[in-house]
Structures are given as structure tokens and as C-alpha cells.
Amino acid sequence: MNMTDIRICFVGDSYVQGTGDPEYLGWGGRLCVAARRAGYNVTSYNLGVRRETSRDIAHRWLSECERRLPATTENFVVFSFGANDVVIENGAPRVPENETLANLRAILDVATARYRTLVIGPPAVPDDENIARLGKLSERMGEVAAQMEVPYLALFPLVVNDAQWMDEVRANDGAHPRAAGYARIAAFIETWQGWWFGMRNTR
């Protein structure tokens with residue numbers, strides 16, 4: 001095993017937390033299980049909070065990561081959010097799109113100066129009211145990440161027409177999958193060239 005002390009914080013919303021997964025791993029846990037099996041000495045921290053928006057995450061992420069990522073270790077941070085921003089409350093999205101993008105820029109500006117960083121975009125949901133806004137937000141988040149030279153995986157186009165993902169979300173609570181859905185996301189990330197410990201990458 002590579003004995004380098006690797007620390008990873010997964011920061012985001014309920015999809016990061018793994019809501020609905022009876023195995024309590026989510027996609028981040030599955031990625032770290034695979035990384036450990038591949039010989040990486042990984043310590044992971046799940047910092048997903050249900051219902052949180054980019055505004056909430058922008059306020060808390062740094063203090064939470066600083067406690068877990070000391071200067072003496074090799075440190076990585078994965079951000080994933082946006083699905084809660086587009087939800088309509090009181091006639092308007094919880095967070096306007098331009099504010100979500102500004103929050104992303106502010107987060108990445110700080111994170112990239114401190115840690116190896118990447119962004120996983122929000123997934124699609126079988127909700128006609130939110131799906132168009134999610135698709136647009138996913139695309140624009142990708143543009144921000146590209147401008148800042150941060151690896152970005154757009155989940156939305158990968159799952160919007162994926163029957164396995166959509167069927168499992170519908171069969172659960174209409175927003176979150178169960179184990180197979182999170183395993184599906186983990187597989188997309190693990191085979192993506194931006195993931196540090198994936199099948200296609202060596203560090």
C-alpha cells in the first residue's frame with residue numbers, strides 16, 4: 001500500500017451525504033473503498049448536509065475542511081451542490097442562478113489555493129419543474145470550473161436519460177436513489193480522468 005497520508009473531504013448536499021442509500025456509503029464512500037482496495041491510504045470525510053444550498057456551503061466549507069486537512073497530509077476536496085439551489089420556494093429559486101455561480105467561484109478561488117480540488121455537478125431528477133433549471137445550472141457551473149481550470153464532471157447529462165438512475169429515484173423518494181444509484185455515480189466518477197484515484201489514472 002502507498003502509505004502517503006491522503007485526506008479527502010466531500011463537501012455538498014444530500015447527494016454527497018448519500019441520502020437514501022441503505023448501505024450508508026453514498027458515492028463518496030464507494031470511491032474511497034475502491035481507492036483503498038487499489039492501495040491508497042485514504043481517510044475520507046463526508047461533509048454533505050441535506051437541503052443545503054451553495055449559499056450554506058460557501059459559509060461553512062472552509063472551517064470544516066481546515067479541521068480535517070492538516071498541512072502535514074496530502075489533501076483533496078470534492079465539491080458537489082446545486083440541486084437545492086434551483087428548488088422553488090415562495091415563487092422563486094432558493095438561490096438565484098447567478099448567485100450560485102458566484103458562490104462556486106468564491107469557493108474555488110479559496111479551495112484551489114489550498115487543496116487539490118474538483119467539482120461534481122448536480123444530477124438530474126424526474127421533476128419537470130426543476131429539470132430544465134438543473135440542466136442549465138449544470139452547464140453554467142461547468143463553464144465557471146473551466147474558466148478556473150478546475151476539473152468538472154457534469155452528472156446531469158450522464159443520468160438525465162439513464163433508466164437505471166431515474167427508475168431508482170422514482171421508486172425511492174423522487175429525489176434520491178438507493179444503493180444502485182449511488183454506485184452508478186461512483187462508477188461515472190471512477191472512470192473519469194479527473195478523479196485522482198480512478199481506473200484510468202495514476203498519480
Side-chain angles (χ1 to χ4, degrees), residues 2 4-13 15-16 27-28 31-32 34-35 38 40 42-48 52-86 95-124 133-160 185-203:
N2 180 343
T4 302
D5 189 348
I6 296 169
R7 310 281 180 96
I8 307 177
C9 287
F10 295 90
V11 184
D13 53 23
Y15 293 107
V16 172
W27 52 262
L31 287 169
C32 289
Y40 294 103
V42 173
T43 300
S44 68
Y45 300 97
N46 188 317
L47 303 179
E52 283 210 338
T53 66
S54 63
R55 186 184 297 154
D56 302 313
I57 292 161
H59 288 155
R60 71 173 171 89
W61 81 268
L62 182 57
S63 63
E64 294 190 3
C65 287
E66 283 181 327
R67 291 182 175 91
R68 294 164 174 85
L69 304 176
T72 55
T73 61
E74 190 171 352
N75 298 321
F76 301 78
V77 180
V78 180
F79 294 99
S80 185
F81 52 78
N84 292 317
D85 291 39
V86 306
V95 179
E97 184 179 273
N98 285 339
E99 183 184 341
T100 301
L101 301 175
N103 290 334
L104 177 61
R105 287 190 190 94
I107 288 168
L108 294 181
D109 188 54
V110 176
T112 55
R114 294 168 177 255
Y115 312 118
R116 296 184 67 176
T117 305
L118 59 79
V119 180
I120 307 299
R133 288 190 298 275
L134 269 173
K136 183 182 176 187
L137 179 62
S138 171
E139 184 175 344
R140 295 198 67 192
M141 288 176 68
E143 292 169 356
V144 170
Q147 291 165 4
M148 301 186 73
E149 299 183 338
V150 176
Y152 177 83
L153 178 63
L155 282 182
F156 183 92
L158 296 176
V159 301
V160 68
I185 291 179
F188 285 133
I189 298 171
E190 191 178 11
T191 55
W192 171 50
Q193 63 183 7
W195 175 240
W196 303 292
F197 314 105
M199 296 176 181
R200 293 169 52 183
N201 299 298
T202 57
R203 295 175 50 254

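Computed from a predicted structure; not experimentally measured.
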Count the heavy atoms belonging to other residues, nucleotides or ligands that lie under 6.0 Å from CD of E139, then report whether that count exceeds 12. no
Are more than 12 heavy atoms from other residues, nucleotides or ligands located less than 6.0 Å from atom CD of E149? no
Is the F79-W61 ring centre distance short of 6.0 angstrom? yes
So that I know where these two stand, are F188 and W27 an aromatic pair - ring centroids less than 6.0 Å apart? no
Main chain of [Y], side chain of [X]: is a donor-acceptor contact present, judged purely on distance under 3.5 Å?
X: N84; Y: E52; answer: yes
X: N46; Y: V16; answer: yes
X: T117; Y: Y115; answer: yes
X: S138; Y: G135; answer: no
X: T73; Y: L69; answer: no

Measuring only between side-chain heavy atoms, which start at C-beta, is [X] closer than 4.5 Å to [Y]?
X: T72; Y: D5; result: no
X: Y152; Y: V144; result: no
X: V77; Y: R116; result: no
X: L118; Y: W195; result: yes
X: I107; Y: F81; result: yes
X: P123; Y: Y15; result: yes
X: R55; Y: E99; result: yes
X: N98; Y: R140; result: yes

With the threshold set at 4.0 Å, does a side-chain nitrogen-carboxylate oxygen contact exist between E66 and R114? yes
Quick check: closest heavy atoms across [X] and [Y], and the distance to 0.1 Å?
X: D13; Y: A83; value: OD2-N, 4.1 Å
X: V78; Y: I120; value: CG1-CG1, 3.8 Å
X: R105; Y: M148; value: O-CE, 3.6 Å
X: A124; Y: V159; value: N-CG2, 3.4 Å
X: C32; Y: I8; value: SG-CD1, 4.3 Å
X: L155; Y: P122; value: CB-O, 4.0 Å

[atom2] on [Y] to [atom1] on [X], rounded to 0.5 Å:
X: I57; Y: N103; atom1: CD1; atom2: CG; value: 9.0 Å
X: L101; Y: E143; atom1: CG; atom2: CD; value: 8.5 Å
X: F76; Y: Y45; atom1: CZ; atom2: OH; value: 14.0 Å
X: S80; Y: I185; atom1: OG; atom2: CD1; value: 7.5 Å
X: L31; Y: I189; atom1: CG; atom2: CD1; value: 5.0 Å
X: F156; Y: M141; atom1: CZ; atom2: CE; value: 13.0 Å

Pair L104, S54 - check side-chain contact (heavy atoms from CB on, under 4.5 Å), show working. CA-CA 7 Å; L104 177 61; S54 63; over 6 Å; no
Stepwise, does the side-chain contact (heavy atoms from CB on, under 4.5 Å) test hold for R60 with L47? CA-CA 10 Å; R60 71 173 171 89; L47 303 179; 4.0 Å; yes
Any donor-acceptor pair under 3.5 Å linking the side-chain atoms of D56 with those of T53? yes
Where do V160 and L134 land on the side-chain contact (heavy atoms from CB on, under 4.5 Å) test, with the steps shown first? CA-CA 10 Å; V160 68; L134 269 173; over 6 Å; no
